[in-house]
Amino acid sequence: MARQIPDKPTLDGIEARVGAVWEADHVYRFDRTATRDQVYSIDTPPPTVSGSLHIGHVFSYTHTDTIARYQRMQGKKVFYPMGWDDNGLPTERRVQNYYGVTCDPSVPYDPSFTPPFAGDVPKDFRDRPAISRKNFIELCHTLTTEDEKVFEALWRRLGLSVDWSLMYTTIGRGSQRISQRAFLRNLEAGVAYPTEAPTLWDVDFRSAVAQAELVDKEMPGAYHAIAFHRTDGNGDVVIETTRPELIAACVALVAHPDDPKYQSLFGTAVRTPLYGVEVPILAHELADPEKGSGIAMICTFGDLTDVIWWRELKLPTRAIIGRDGCILATPPEAVDADGAYAAIVGKSSKQAQKIVVTQLQESGELLGEPRSITHPVKFFEKGDRPLEIVTSRQWFIRTVDNRDTLLARGTEMTWHPSYMKSRFDDWVKGLNGDWCISRQRFFGVPFPLWYAVDANGETNYAVVLLPDSDSLPIDPQSDVPAGYTEAQRGQPGGFIGDPDVMDTWATSSLTPQIVGRWGDNDDLWARMYPMDLRPQGHDIIRTWLFSTVVRANAEFGVTPWRNAAMSGWILDPDRKKMSKSVGNVVVPTDLLDEHGSDAVRYWAASARPGVDTALDPGQMKIGRKLAVKLLNASRFALGIGDKDISAQMISAPIDQALVGRLATVVTEATAAFEAYDYARALERTESFFWSFCDDYLELVKGRAYGNEKYSADETASAQATLQLALNTMLRLFAPFLSFVTDEVWSWWRDGSVHTQPWPTAAELSAGNGADDLVLVVASETLGAVRKAKTEAKVSIKAAVAFVVVHETTERAAALRRAAVDVADAGMISTLTINEANPPETITVDVTLAEIAS
RNA sequence: GGGCGAUUGGCUCAGUUGGUAGAGCACCGCCUUCACACGGCGGGGGUCACAGGUUCGAGUCCUGUAUCGCCCACCA
């Protein structure tokens, strides 16, 4: 039953009250009988649980929610899940810092382990206990479970219309099973492959990282001019390098093939300083004659260019940096272990550089003083030290070979806003290697396979032992391949599990498969895939969006979604990006407490799609004002007359004009939503609503109340228009002001406004052919009367003796059709409407009653 | 170096087929309580970054420049 209209409507407590009804009535539950064409499916981004949700999350998830609510009202069965990204390094980091522990896979499992520190974690890592892999993973699960409860509570309070029964986590068993299944199928299809190759390596995390996880940081460095000695005795060749510590890893010098300075040197050789290793001078187009001395040393490996040169010029490998970032104890074969090299063994590259520079100064091979510069250096986006490039065995998924296909996939989805597509195109075109998906970490999805160990106890990577597909997910560290026993683990003739876990994006790239339970629930899968919408931030186009396209293309040969909608970032009032390190992060619950959920939703939905937006509490105040206004206007419109007056009673020209104008708003808002421009839909609706309140409501108030000067039909016309307009506006506002609209709906009708049909112009046929000019001129005339009262400093309710209007013929005719309403609203005793002559002399002369008397 | 976006009143931003510049906030003035003081009404305030061009007419289209932001790059 519909509730009574409260005397004093309020927003207080509305989130809890309305939210409880949504939950009890399963308003947002996905209909699993719907066929694919009836479904609107959303590939919700799973927020990372390692931190806290900030206002940027609230911002972008609200955008998605407005689309979901619109589609639901359009009659779609909305598939709108929520997931938590609790997989991977961010969680490991949080657990390490939260509990004050470190993970050491060699430590045995302790079933009775409890975290030793309660909120008082020692700063020094040496005071933190090392615990087993299994204990560590248990802590990861414990902490993420707690974090996820807090996240869900916030989303519910914000009013996201997700179906919570579809919740998933990226480290959950279902996600692991699907990640492993997808990987094994990629392996079988040749899409995934292992290789021993130079890989970007974070020396602190001791893990490979992917191209997509790189960031450049401007770092101080110095050019060192260093002399290499020609083997023919004809003097030196001078190169400039920022990394002199890598001279021992030098395998060649390289210059541009057209560079006249070095034409005569190509094909000759030099000896490296300090070590005297002979290296050739080669030509390659990537060498830049303008940079440094125009000739560079190639090391294995100083940067990604070195890798290209090494590969294309087929150079030997002389690695000197280990996985810990320190100089290897054993030098490359060509380098004498007892010479200059001995001094740098075990040093970090930074320490080694100091030593080598001193050595070069003593030997006279360093020319002049190092020249300080600032240059970009590659970092892992979450790392603290520059990346090194080390050779290791890693798993890859093919991307570069499929470049053209991937670009085509990008054109098969609609981008919102459209210019964001160029970021995808740029990224695909710029790929310089396949996607490295293995990480040397712990809390992630393990690679589901083992290797045979030969009779000598050496791992034979050529013999891969695969699990049965029904057994997934498996952990090769604790599960045993078929035909073996646990006792054979690591033994000669036995087996050993792949030690690595998958990159977090290797799982995240499967979110459509995870939410649709691909391979586990074929019925559900067929009802939601390919999906309708991928909403996400524009900063992760190169990671999440790209990798999801790669997996969909590899497995299904399709584009995973029809639409990709990019949200902008939230900037603080100084237009800086919100970030924890800057300390300018605003806690969302504070904003929700202060302004209310609808107000925060209003602020978020006011921002144009894809546009970075400043946090603006002022905009939230407007949203709250709007919500309060909606409560009060609704109370007025519903508080008079019967509750269900037929739209057929709408007969007054000004009423018809109002309805006609609303039909235009409905058409525009619908078109805007179809184009994923929720902000425009809101703006149109809001703009109409304010003029509805300020002008129309005032103009018809007397008639709606049924003052004696009006006939019953005239009063019914006004009441019917108020109700029709309110009914329509509540539905137009429902995607944005989701709580207050449902509250008002409950005063009037059963059920939720959120399951009502989206309004159409056809419902508003009472406005067909209406003359909008009636409403325009009536509003303007009322405005002129108000202005006269303001200038006379009298109350807006002050009586007016005479108003004489001179209007053009057309406008005068329009005004006559609303003359009684205008006179009533303006407290006008006598309203005279004349034709303006000439037409330019439109005037409204107002004579106040107190002056007339 | 390449690409994408932005530049409109003090602030945050609209302005979708080119037709005499808009909103909210802030500011100024007025009005209280019969939907709303978590209110209402009215007002002042902008040569639409700059320079050219197309057009009867340009915030809107074209070219160039500047500033800011972001993305990408083979940064020795």
Side-chain angles (χ1 to χ4, degrees), chain A residues 5 7-12 216 218 221 223 239-243 246 253-255 284-288 291-299 302-309 373 375-378 417 419-427 429-430 432 538-539 541-542 568-569 571 573 575 577 595-596 599 603 606-608 610-619 621-622 624-640 668 671-672 675 677 679-680 683 686-687 690 693-694 697-698 701 705 722 782-783 785-798:
Chain A
I5 302 171
D7 286 339
K8 275 290 208 184
T10 174
L11 295 177
D12 294 342
D216 284 347
E218 284 292 330
Y223 275 122
I239 64 107
E240 290 200 308
T241 179
T242 56
R243 300 201 62 184
L246 293 179
L253 301 188
V254 66
H284 194 282
E285 286 167 359
L286 286 182
D288 181 357
K291 193 156 287 176
S293 56
I295 187 163
M297 72 169 180
I298 303 174
C299 304
D303 61 32
L304 289 172
T305 320
D306 283 340
V307 177
I308 294 170
W309 282 326
I373 56 158
H375 64 151
V377 176
K378 291 200 183 308
Y419 58 75
M420 288 295 180
K421 178 172 181 292
S422 58
R423 300 201 181 183
F424 177 80
D425 292 346
D426 283 353
W427 175 252
K429 287 174 190 163
N432 59 24
H538 56 61
D539 53 327
I541 289 173
R542 67 175 179 166
W569 278 332
L571 311 172
R575 300 206 68 78
K577 188 187 170 190
H595 304 285
W603 160 75
S606 299
R608 256 51 211 180
V611 176
D612 292 345
T613 303
L615 176 65
D616 187 359
Q619 197 70 9
K621 288 197 174 79
I622 298 168
R624 184 168 183 91
K625 203 168 129 176
L626 177 62
V628 170
K629 190 84 173 174
L630 195 54
L631 280 179
N632 288 304
S634 300
R635 174 170 173 257
F636 169 69
L638 295 176
I640 50 179
E668 289 179 339
D677 192 349
R680 187 174 176 79
E683 188 268 326
E686 184 189 6
S687 157
W690 284 114
C693 291
D694 294 347
L697 222 52
E698 297 301 328
K701 192 179 278 183
Y705 273 128
L722 290 173
L782 180 60
V785 173
R786 285 170 177 162
K787 187 171 175 178
K789 291 179 182 178
T790 296
E791 284 169 355
K793 302 195 176 186
V794 298
S795 163
I796 213 71
K797 294 201 154 64

* When all nucleic acid strands are considered with a 4.0 Å heavy-atom cut-off, which category describes Ile541(A): base, sugar-phosphate, or nothing? -> nothing

* Structure fact -> Ala296(A) has its side chain closest, among A76(B), U12(B), G24(B), to A76(B)

* Taking all non-hydrogen atoms of both residues, which atom of Leu246(A) and which atom of Gly302(A) are closest, and how far apart? -> CD1-CA, 3.6 Å

* Structure fact -> Judged by nearest nucleotide, the residue sitting upstream toward the 5' end of RNA chain B, Thr242(A) or Ala637(A), is Ala637(A)

* Ser293(A) versus Ile239(A), closest heavy-atom pair with distance -> OG-CA, 3.5 Å

* Using a heavy-atom cut-off of under 4.0 Å over every strand shown, decide if Lys789(A) touches base, sugar-phosphate, or nothing. => nothing

* In terms of side-chain geometry, is the basic nitrogen of Lys421(A) or Asp425(A) positioned less than 4.0 Å from the acidic oxygen of its partner? -> yes

* Asked: Between A76(B) and His375(A), is there an OP1 or OP2 to side-chain N/O distance shorter than 4.0 Å?
  -> yes

* Taking the side chain of Glu683(A) as heavy atoms from C-beta outward, which of C4(B), A14(B), A76(B) is closest to it? -> A14(B)

* To do: Using atom CZ of Arg542(A) as one end and atom C1' of C70(B) as the other, report the distance to the nearest whole Å.
  => 12 Å

* Structure fact -> The contact string for nucleotides 37-45 of chain B, one letter per nucleotide 5' to 3', using protein heavy atoms under 4.0 Å with B, S and - for base, sugar-phosphate only and none, comes out as SBSSBSS--

* With rounding to whole Å, what would you report as the distance between C30(B) and G69(B) at their P atoms? -> 45 Å

* Asked: Sub-3.5 Å donor-acceptor pair from the side chain of Lys789(A) to the main-chain atoms of Ser795(A), do we have one?
  -> no

* Under 6.0 Å between ring centres, would you say that holds for His595(A) and Trp603(A)? -> no

* Please map the stems of RNA chain B, keeping only stretches of three or more Watson-Crick or G-U wobble pairs with both distances under 3.5 angstrom. => B:1-7 with B:66-72, B:10-13 with B:22-25, B:27-31 with B:39-43, B:49-53 with B:61-65

* Could you tell me whether Ala287(A) contacts a base, only the sugar-phosphate backbone, or nothing, with contacts defined as non-hydrogen atoms closer than 4.0 Å? => base

* **Main-chain N/O of Trp569(A) paired with Asp612(A) side-chain donor or acceptor, under 3.5 Å** => yes

* Quick one: label Leu304(A) by what it contacts on the DNA or RNA (base, sugar-phosphate, nothing), any heavy atom closer than 4.0 Å. => nothing

* To do: Give one of base, sugar-phosphate or nothing for Lys621(A), where a contact means two heavy atoms less than 4.0 Å apart.
  => nothing

* Say you pick atom C1' in U33(B) and the same atom in C41(B); how far apart are they, in whole Å? -> 15 Å

* To do: Under 4.0 Å between any heavy atoms, over every strand shown, what does Lys701(A) touch: base, sugar-phosphate, or nothing? Just pick one.
  => base

